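Quick notes on the structure that follows.
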Amino acid sequence: MANAVLHVADVHKSFGGLRALSDIDLQVMEGTTHAIIGPNGAGKSTLLNVCIGRIAPDTGAVVFDGQVITGKQPHEINQMGVVRVFQTPEIFPDLSLLHNVMVPAFAKRDGSFRLNALQVTSRQTAIREEAEHWLEDVGLYKQRETLAASLSRGDKRRLELAMGLVQHPRLLLLDEPTAGMSRHDTNSTIDLLRKFKERGMTKVIIEHDMHVVFSLADRVTVLAQGRIIADGKPDEVRGNPVVQEAYLGGAH
Amino acid sequence: MAILRNDLVRLALFALVILTMPIWLAPIGAAYPDLMQKIAIYGIFAIGFNILFGMTGYLSFGHAAFLGVGSYAAVWSFKLLTMSVIPAVLFAVVVAGLFAAVIGFVSLRRSGIYFSILTLAFAQMSYNLAYSVLTPITNGETGLQLALGDPRILDRAFTDAGSGIPPPNLLGEELSGLSGFFFCAALLILCFYLAMRIDRSPFGMMLKAIKSNQTRMAYTGFNTRPYTLAAFIISGMYAGLAGGLLAATDPLAGAERMQWTASGEVVLMTILGGVGTLVGPVVGAGVIKYFENIFSAFHEAKLHEAFSFLPDGLENFFVTITAPFVGEGWHLTLGVVFMLIVIFLPGGLMEGVRKIRNAFTRKPASREETGRLAPAE
Ligand SMILES: Nc1ncnc2c1ncn2[C@@H]1O[C@H](COP(=O)(O)OP(=O)(O)OP(=O)(O)O)[C@@H](O)[C@H]1O
Ligand SMILES: [Mg+2]
């Protein structure tokens with residue numbers, strides 16, 4: 001068995017009286033696609049927030065690649081290779097699509113700070129071509145000069161996917177990457193993600209769309225009210241009565 | 001040169017327009033060195049301010065502090081070292097840069113309105129210190145001036161003290177009148193070039209990305225603090241240069257240069273001209289300095305003269321309602337103009353220029369207007 005790239009060890013997190021995460025222990029294995037599902041408000045996004053350093057857990061720790069990353073700055077965690085695609089698209093609305101993808105490419109190449117004030121952006125051919133390549137892969141190449149603000153929600157998610165992929169992450173965390181997309185775009189996104197699976201990229205994917213989950217995931221963890229209620233292969237989880245009840249009892 | 005062809009053309013045009021100011025400003029009675037110098041100097045100040053405000057979105061209300069520090073540094077260089085302006089200006093830039101590093105380091109811990117308030121507080125503190133504790137350095141209310149007994153070590157090493165206070169010089173040439181203007185103009189062009197390079201660089205792109213979505217930058221792997229601090233220091237150095245030039249063209253430095261109204265003025269210049277554009281701040285500086293000059297020179301007698309073609313009653317009436325807007329009250333005019341611009345042309349005068357240009361080239365769905373397309377590189 002491959003080793004765990006990500007280990008969420010015993011994490012608890014409360015917001016006031018609300019227990020958003022309790023007793024979460026989770027391992028994501030190298031090269032796998034690990035789905036996290038659960039009803040609305042189950043704590044899925046909070047779990048990712050803990051992983052990327054946006055929220056500090058009350059207790060417990062997150063270990064990436066054998067290193068504790070809890071307590072590190074978000075940019076340090078990103079520089080280690082943990083990249084997140086957000087649930088509500090987080091893009092740079094005032095920049096062109098091309099620049100939206102070039103910015104993370106620069107972060108990958110130049111690190112968290114570089115005073116490259118005398119380079120000329122448009123002469124950075126390698127970075128630009130790389131960015132164009134990813135825009136092409138997510139199907140946004142033609143609009144590369146438009147401002148990101150003008151995109152539809154679904155297109156913003158695809159843009160964000162390109163922004164994540166251009167960094168060649170060791171671990172890609174996807175928060176409902178296909179929400180707001182048409183069936184057609186959802187399918188092409190699945191194809192794209194599957195391509196990365198073949199290349200051995202480790203991914204955590206949060207999804208409500210069971211079609212997406214079962215076509216991509218090697219392993220599924222089910223969260224409900226901040227707790228893991230099931231964990232296993234997709235088929236095992238699908239047949240699990242506890243899971244079915246949680247979903248019926250939840251917001252769905 | 002590692003710069004794009006279009007930008008080279010833009011730079012050449014800018015240089016041409018600036019260097020020919022003595023010609024094209026003559027018909028509107030503004031071609032005298034004193035005013036043109038001011039326009040060039042405040043142009044530098046505003047370009048630098050825009051590197052911070054226009055690119056990163058951080059609105060400083062205390063930039064006049066760097067202007068003041070630059071002036072003091074330059075005058076001290078005149079007093080202690082030499083009347084040559086080159087060391088004076090360099091010294092002004094370095095000292096303002098260091099000062100900006102300290103203020104920026106603290107202020108940039110906050111963003112938005114809190115950042116603005118912090119910079120304002122720092123500038124007011126500097127202003128008050130200049131009048132109180134720091135009088136040995138600033139000479140308090142009198143302002144820092146040259147004196148016959150100043151050491152001027154470097155000058156003394158080569159020549160005798162002479163009988164009067166020598167004027168500032170550039171490589172031995174006395175810097176006054178038109179030569180003073182051309183010196184400032186050359187530096188303005190250099191500053192414009194550097195701002196353009198920053199704007200076109202990956203560093204500039206990161207600053208704009210910070211303005212667009214700062215939190216996202218952290219999750220993209222950037223440490224945004226050094227970026228904003230670098231922008232703050234660079235813009236503080238521009239302000240220091242402007243302050244140094246004010247002293248080089250008139251060797252005197254007073255604390256009023258640091259007052260909050262002076263900080264507000266550069267905000268107005270930048271917004272009036274067009275935030276985030278390269279030329280806008282210079283246009284804004286030019287317009288404000290030009291009108292300040294005209295309006296503040298007006299007084300009641302002149303108004304009576306201007307309205308003398310009207311019957312007596314009407315003349316007095318018009319003089320009464322216009323009087324508050326001129327002379328000391330010129331800031332009132334500025335306020336009204338500023339309000340009109342912000343309401344009708346939020347992109348500043350540059351937006352107006354763009355609209356007119358589009359109307360002439362008849363491109364109704366032009367890039368900027370629809371806002372859907374990013375400006376070309
Ligand atoms: N920063 C926060 N402050 C306070 N409460 C929060 C915060 N973030 C999340 N919560 C609460 O924690 C709970 C879990 O939220 P979370 O966003 O993790 O759910 P989710 O599983 O991602 O749901 P969804 O499917 O709707 O995205 C919710 O009740 C939410 O209101
Ligand atoms: Mg969520």
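A quick note: this is a predicted structure, and the numbers were derived from the prediction, not measured. Letters A, B, ... are given to chains in the order of the sequence lines, protein chains preceding strands, and every chain is numbered from 1.
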Please round to the nearest 0.5 Å and tell me the distance separating atom [atom1] of [X] and atom [atom2] of [Y].
X      : Y      : atom1 : atom2 : value
B:K208 : A:D94  : NZ    : CG    : 10.5 Å
B:M205 : A:M102 : CE    : CE    : 4.5 Å
A:Q119 : B:I198 : CD    : CD1   : 13.0 Å
A:L147 : B:S212 : CG    : OG    : 9.0 Å
A:L115 : B:L229 : CG    : CG    : 10.5 Å
B:I210 : A:F92  : CD1   : CZ    : 9.0 Å

| message | If only side-chain N and O atoms count, and only distance matters, is there a donor-acceptor pair under 3.5 Å linking A:E90 with B:N213? | response |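 A donor-acceptor contact under 3.5 Å links the two side chains.
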Region of [X] in contact with chain B, defined by heavy-atom distances below 4.5 Å:
X      : answer
A:V103 : both
A:M80  : neither
A:Q73  : neither

- Working for side chain to side chain contact (heavy atoms under 4.5 Å, CB included), residues B:R225 and A:F113: CA-CA 9 Å; B:R225 193 72 64 71; A:F113 172 70; over 6 Å; no
Whatever's closer than 4.5 Å to a heavy atom in chain A on B:A209 counts as both
Q. Considering all heavy atoms of both residues, which atom of A:P74 and which atom of B:Y219 are nearest to each other, and what is their separation?
A.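 So the two residues come closest at CB-CE2, 3.4 Å.
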*In terms of heavy-atom contacts, does CZ of A:F15 have more than 12 from other residues, nucleotides or ligands at under 6.0 Å?*
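Counting other residues, nucleotides and ligands, CZ of A:F15 exceeds 12 neighbours.
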**Prompt:** Take atom CZ in A:R109; do more than 12 heavy atoms of anything else shown fall under 6.0 Å from it?
**Reply:** yes
From the list A:I91, A:I77, A:V83, the residue making the most non-hydrogen contacts under 4.5 Å with chain B is A:I91
May I ask you to name which of A:K108, A:R54, A:Q124 has the most heavy-atom pairs under 4.5 Å with chain B?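 Counting heavy-atom pairs under 4.5 Å, the top option is A:R54.
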Original post:
Is there side-chain contact between B:T224 and A:H75, with at least one heavy-atom pair below 4.5 Å?
Top reply: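 No. Closest side-chain heavy atoms not under 4.5 Å.
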- Task: For A:Q167 and B:G221, indicate whether the former's side chain and the latter's backbone hold a donor-acceptor pair under 3.5 Å.
- Result: no
Please check: side-chain N/O of A:T121 versus main-chain N/O of B:S201, any donor-acceptor pairing under 3.5 Å?
yes
Practice prompt. Using the side chain to side chain contact (heavy atoms under 4.5 Å, CB included) rule, take A:R114 and B:F203 through it: C-alpha gap first, then chi angles, then the decisive distance, then the call.
Written response: CA-CA 7 Å; A:R114 186 146 165 218; B:F203 173 75; over 6 Å; no
